[in-house]
Amino acid sequence: MHDAASLISPDTGDPGFGIYVHWPFCAAKCPYCDFNSHVRHQPIDQARFIAAFLAEMATMRRLSGPKTVTSIFLGGGTPSLMEPATVAAVLDGIARHWHVPERIEITMEANPSSVEAERFRGYRAAGVNRLSLGVQALNDTDLRLLGRLHNVEQAMKAIGLAREIFPRMSFDLIYARPKQSVEAWEQELKQAISYAVDHLSLYQLTIEEGTPFYALHKAGKLIVPDGDQSALLYEATQEIAGGAGMPAYEVSNHAVPGAESRHNLTYWRYGDYAGIGPGAHGRLTTGRDKLATATERHPETWLSAVERDGHGMVEQEMLGYDEQADELLLMGLRLREGVDLARWQQFSGRDPDPDREAFLMQHGFIERIGNSRLRCTPAGMLILDSVVADLAR
Ligand SMILES: C[S@@+](CC[C@H](N)C(=O)[O-])C[C@H]1O[C@@H](n2cnc3c(N)ncnc32)[C@H](O)[C@@H]1O
Ligand code: SF4
């Protein structure tokens, strides 16, 4: 039997401390994606990256001080292009710098096309205990449209292997695709749920500036569902996943209660995390302030900076209480459990503006959970950014 990683508990006020490591390469760039991912036609010098990851870890450890890690996340890009030995070296490095208890959640993102059973077993042996697979669609036409390198058959094989090898697994789907009907999505989602274990990430396609999809969309050559159709797709998603016992615990993340991603909860509960690798962000509390870090995005520029300075940070900003109050709201309102108002008051030094709160409540966008928590209703989640803007400062 697998040693299941420890599952989450309700919000106790301790959001945990996560470590994020970014692998910035992909085999091909998907036309919708604006993540920090790059394609290289030469093999990547993984030993050089290991050395740089370890050096930047040492810098982040100096900034964070001694801490107990509650989760690790290897994200990308496509981390499953890393050799298992690279993953092992990264995880060993983390354990040398911070206290890493046994059985904490260690997630890795993987693409179905970069799957080989041997690699998956290697990642598991290195310590990864949760896999997050980028499946995106369960029909070949849409996979091609999304520019993916895998087909449904490969996705299914990857899901099967992940289920066999890792104690925990999740996969991602993108919906609100061009010409997608509610009925077609409902069918696809039901099929996905039948393959899922206890966690799914279901993202609405976003047209990101600077991507090929953006240019096509602007030129009228890529038509995506309009606001009303998107709302119908979102509602169908909530109904079907909720009905199958996997309600949304965050805007796009669904889980059987108890199977939520511990690492992502740390972000949304506004805990601290160290961000290592090109384009990684971090939040490290020091006294009343929180240090916001961001590293150089371009992989080779980041490498040179780390080799020269011991880190690739290009931003180090101290956030005061007001800024932390805003960020806490921005992150916490994404969660079904909402935000702990006492914690928000601690940062902001005030109650939510009664008029604005009343207005949003009357319109059915927010609600109180008892006296102590505030959350978005499903309708509020659809206009999350404006709700946050209304309540903040
Ligand atoms: C950083 S990617 C990493 C996963 C992996 N590289 C992959 O694509 O299979 C994380 C997830 O973000 C989602 N994503 C990326 N760009 C998106 C967009 N423009 N709209 C909606 N979802 C997006 C995809 O579902 C993807 O799996
Ligand atoms: S594989 Fe993932 S990270 Fe890479 S370009 Fe595609 S969506 Fe982005």
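Indexing begins at 1, ligand by ligand and atom by atom, following the structure's order. If you read the sequence from its start, that first residue is 1, and numbering goes on from there.
To the nearest 0.5 Å, the span separating CZ on Phe171 from OH on Tyr195 amounts to 8.5 Å. Here CG of Leu328 is found 11.5 Å from OH of Tyr321. Values are rounded to the nearest 0.5 Å.
Taking distance alone, with nitrogen or oxygen atoms compared against 3.5 Å, Glu109 stays at or beyond that limit from ligand 1.
At least one heavy atom of Ser37 sits less than 4.0 Å from an atom of ligand 2. Residue contacts with ligand 1 leave out Cys30, since none of its heavy atoms falls under 4.0 Å from the ligand. For Arg148, the closest heavy-atom approach to ligand 2 falls below 4.0 Å.
A salt bridge links Asp272 with Lys290: at least one charged nitrogen is closer than 4.0 Å to a carboxylate oxygen. The pair Glu367-Arg375 meets the salt-bridge criterion, with a side-chain N (NZ, NE, NH1 or NH2) lying under 4.0 Å from an Asp/Glu carboxylate O.
Of the heavy atoms in Asp172, only side-chain atoms (C-beta onward) come closer than 4.0 Å to ligand 1.
Residue-ligand proximity, Ile174 to ligand 1, at heavy-atom distances under 4.0 Å covers atoms 22 (N), 23 (C), 24 (C), 25 (O). Numbered from 1 in the order shown, with element, the atoms of ligand 1 that lie under 4.0 Å from a heavy atom of Thr78 read 6 (N).
Given atom 4 (Fe) of ligand 2, the protein heavy atom at minimum distance is Cys26 SG, 2.3 Å.
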